[in-house]
Amino acid sequence: MMNVSGTTPDAGPRTPVLVVGGSLVGLSTALFLAHHDVPCVLVERHRGTSVHPRAVGYYPRTAELLRQAGVERAALGAATGFETHRTRAGVVSLAGEVLFSKEELEGSDGLSDLTPSRLLLLPQDRLEPLLRDRARHLGADLRFGAELLSFTEDPRGVVAVIGTADGDSYRLGADYLVACDGPRSTVREALKVPRRGRGVLSRHVSIAFSADLREVLGSRRYSVVHVRNPEVTGILVHDDTLSGGTLIVGYRPEDGESLKDFTDARCTELVSAAIGAPEVPVRIRSRFPWDMAEQVAERFTHGRVLLAGDAAHVIPPTGGYGANTGIADAHNLAWKLALVTGGFAGPGLLDTYDTERRPVGVRTAEQGSLQLAARSGEASDEQRAAMFDALAVTMGQSYVSGAVVPEPGARALPGISDPRELRGEPGVRAPHVVVERDGARLSVLDLFGRGFVLLAGEAGAGWVEAAPGAAGAGPVVDAYRVVPGGSAPPGCLTDPGRRWAGAYGVGARGAVLVRPDGFVAWRSRGGPPASGAEAVLSEVLGRVLARDGASAGG
């Protein structure tokens with residue numbers, strides 16, 4: 001039983017942030033913290049990164065986040081073998097007749113108006129080493145083969161007891177602990193944080209295997225195959241080398257089935273039936289049990305402890321939102337921890353992590369369940385009407401919190417919107433627009449990722465000039481005027497397509513303030529009021545950063 005309250009004992013060594021769990025979300029958390037120059041220690045009980053493929057698909061918004069941290073290019077290079085893969089549904093077997101086929105992300109190759117990134121297909125066991133190496137390069141302290149044994153939390157921080165692979169243990173103090181330890185999170189359970197939702201819907205095991213699939217596949221390439229034949233029903237994924245893949249099948253404990261039934265011999269039979277080629281030799285590499293569930297923690301923050309990824313929410317895998325949502329959790333949390341631990345923001349800023357990300361977890365879990373019902377043919381007309389496509393779920397989520405300053409009298413946004421209908425409203429992802437800086441073309445999204453960014457219209461010089469004074473001793477605020485046309489004065493951005501003002505919903509004298517995570521914090525459609533631009537921006541930053549002890553929870 002973990003001790004989670006009382007007086008914190010002497011901690012010994014100390015780190016600003018301790019990350020528990022070194023899988024996809026834990027590594028992403030360490031990466032984004034290191035990107036913001038926050039020292040952190042990550043502990044992971046396994047001796048290395050995942051040996052099981054697990055998650056495969058990452059939506060363009062997730063690729064944007066990896067782009068900010070310097071990982072997107074390496075991930076795209078590692079994923080080149082998957083570029084011709086396409087999703088298929090309702091297949092008898094790989095060797096059988098294709099009954100139905102459909103793109104998982106409609107129009108995924110035509111999103112240049114929305115994003116500089118694209119859908120990324122790369123098994124988790126190949127993405128995790130890229131995250132690990134980049135995090136280490138940026139200074140994160142990653143300790144594999146180290147396990148959290150217990151922790152004590154009080155208002156001053158956390159003291160953890162870490163066990164090592166050789167059986168020793170040591171104490172480590174931290175200002176904050178981020179729990180990324182999966183759906184059975186021992187940290188969440190120790191804190192007794194309840195979860196809400198439909199609970200466990202079904203139980204599954206993923207079987208990673210090696211087999212020569214070249215003749216079976218021929219010229220066909222799939223990202224996901226839904227297999228249904230008399231011997232096996234499940235989901236099949238093959239890798240880009242055509243030398244193996246993963247088969248996901250269900251089992252029913254209520255009918256007496258258990259994981260012990262999945263011997264190598266049984267797993268080999270299932271894989272052979274799924275690929276439809278019993279003559280092809282199959283070698284079982286690993287098995288990974290997991291539950292399909294809809295469960296969201298009632299709170300993502302508990303004093304100095306924060307929950308992320310599956311520790312905070314378990315999302316039905318239909319749509320592949322789980323890993324994408326967890327990486328977005330880490331991204332939202334990292335910049336807030338950076339400003340709080342750096343002394344630039346009040347601790348109330350961390351309240352907005354729960355205020356912003358918990359509703360996203362609930363909405364996304366519900367979308368996963370709706371898509372599951374739709375694919376099984378069990379969705380009602382009302383449920384189908386409540387469904388959104390993948391672009392809306394991953395790019396169209398909006399935040400309402402103290403880290404967002406709403407416009408007076410503005411309509412409240414729905415939780416999920418079509419991203420093509422958003423126009424830079426406070427609380428939404430800042431839109432992608434191609435601009436030029438010093439003669440080089442880039443996405444305006446490439447300006448975001450470290451400090452705040454102020455973007456003003458061509459006649460908004462007053463906003464730009466006020467930004468340094470408004471920031472004061474706080475976080476850096478980079479400020480630019482955006483000038484339509486083909487040329488611009490030094491220090492300005494050129495908008496060759498004349499799209500920026502419309503995309504952000506401002507006039508020539510207006511401005512927007514974008515947070516380090518690329519979400520709009522504040523917007524003025526016109527010029528500064530009589531009180532002056534610096535006074536307005538100072539007030540906005542004070543509210544967003546929960547300064548003077550104010551809570552920004554919303």
Side-chain angles (χ1 to χ4, degrees), residues 59-62 64-65 111 113-115 296 300 313 315 319 321 324-325 328-329 331-333 335-336 349 351-368 370-371 382-433 444-445 448 452-455 499-507 510-526 536 540 543-544 546 551-554:
Y59 287 106
R61 175 55 183 166
T62 304
E64 291 175 1
L65 309 185
L111 303 178
D113 62 325
L114 279 178
T115 176
V296 181
F300 287 10
H313 45 68
I315 299 170
Y321 298 133
N324 291 270
T325 307
D329 291 342
H331 191 260
N332 180 281
L333 184 55
W335 72 272
K336 296 174 180 178
L349 178 61
D351 295 340
T352 69
Y353 171 65
D354 176 87
T355 311
E356 293 180 351
R357 294 305 300 172
R358 186 162 46 84
V360 169
V362 171
R363 291 192 294 260
T364 307
E366 290 173 347
Q367 287 297 311
L370 289 174
Q371 293 188 20
E382 183 180 5
Q383 287 176 316
R384 290 181 180 279
M387 287 175 54
F388 290 88
D389 65 17
L391 282 177
V393 173
T394 56
M395 283 189 180
Q397 300 267 9
S398 58
Y399 295 152
V400 178
S401 80
V404 173
V405 180
E407 293 177 300
R411 67 179 179 93
L413 289 171
I416 304 177
S417 305
D418 182 342
R420 287 192 168 92
E421 296 178 357
L422 297 175
R423 294 293 181 269
E425 296 90 343
V428 306
R429 165 187 167 273
H432 157 67
V433 176
V444 72
L445 303 190
F448 313 143
F452 286 80
V453 175
L454 179 83
L455 300 174
R499 291 188 57 239
W500 180 80
Y504 281 77
V506 297
V512 295
L513 182 68
V514 181
R515 308 185 326 184
D517 61 349
F519 273 71
V520 178
W522 163 89
R523 178 173 70 177
S524 175
R525 295 176 182 271
V536 171
V540 167
R543 291 176 61 180
V544 170
S551 172

- Residue from Ile416, Val393, Thr394 passing side-chain contact (heavy atoms from CB on, under 4.5 Å) with Thr364: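 Of Ile416, Val393, Thr394, side-chain contact (heavy atoms from CB on, under 4.5 Å) with Thr364 is met by Val393 alone.
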Has [X] got a side-chain atom pairing as donor or acceptor with [Y]'s backbone, closer than 3.5 angstrom?
{"X": "Tyr504", "Y": "Pro431", "answer": "yes"}
{"X": "Thr62", "Y": "Ala328", "answer": "no"}
{"X": "Arg525", "Y": "Gly505", "answer": "yes"}
{"X": "Ser524", "Y": "Gly526", "answer": "yes"}

- Message: Using the rule given for side-chain contact (heavy atoms from CB on, under 4.5 Å), can you reason through Arg523 versus Val512, listing the C-alpha separation, both sets of side-chain angles and the distance that settles it, and then say yes or no?
- Response: CA-CA 4 Å; Arg523 178 173 70 177; Val512 295; 3.5 Å; yes
- Item | Set of residues satisfying side chain to side chain contact (heavy atoms under 4.5 Å, CB included) with respect to Pro359, sequence neighbours excluded |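 By the side chain to side chain contact (heavy atoms under 4.5 Å, CB included) rule, Pro359 matches Arg363.
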- Task: Determine the sole option in Asp329, Asn332, Thr352 for which the side chain to side chain donor-acceptor pair (under 3.5 Å) test with Arg357 is passed.
- Result: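 For Arg357, the side chain to side chain donor-acceptor pair (under 3.5 Å) check succeeds only for Asp329.
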Looking only at heavy atoms, which two atoms of [X] and [Y] are closest? And how far apart?
{"X": "Val544", "Y": "Ala521", "value": "CG2-CB, 4.2 Å"}
{"X": "Arg423", "Y": "Gly502", "value": "CD-O, 3.0 Å"}
{"X": "Pro414", "Y": "Ser398", "value": "O-OG, 3.0 Å"}
{"X": "Val400", "Y": "Thr355", "value": "O-CG2, 3.3 Å"}
{"X": "Ala430", "Y": "Val514", "value": "CB-CG1, 4.1 Å"}

- Task: Can you label the angle between the Tyr399 ring and the Phe519 ring as parallel, tilted or perpendicular, going by 30° and 60°?
- Result: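 Parallel: the ring planes of Tyr399 and Phe519 meet at under 30°.
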- Item | Basic-acidic side-chain contact under 4.0 Å: Asp113, Arg420 |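 The answer is yes: the pair qualifies as a salt bridge.
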- Task: Output yes when Glu356 and Arg515 qualify as a salt bridge under the 4.0 Å nitrogen-oxygen rule, no when they do not.
- Result: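 Salt bridge flag = yes for Arg515 with Glu356.
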- Message: Does either side chain, that of Glu64 or that of Thr115, offer a donor lying less than 3.5 Å from an acceptor on the other one?
- Response: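 Present: a donor and an acceptor within the cut-off.
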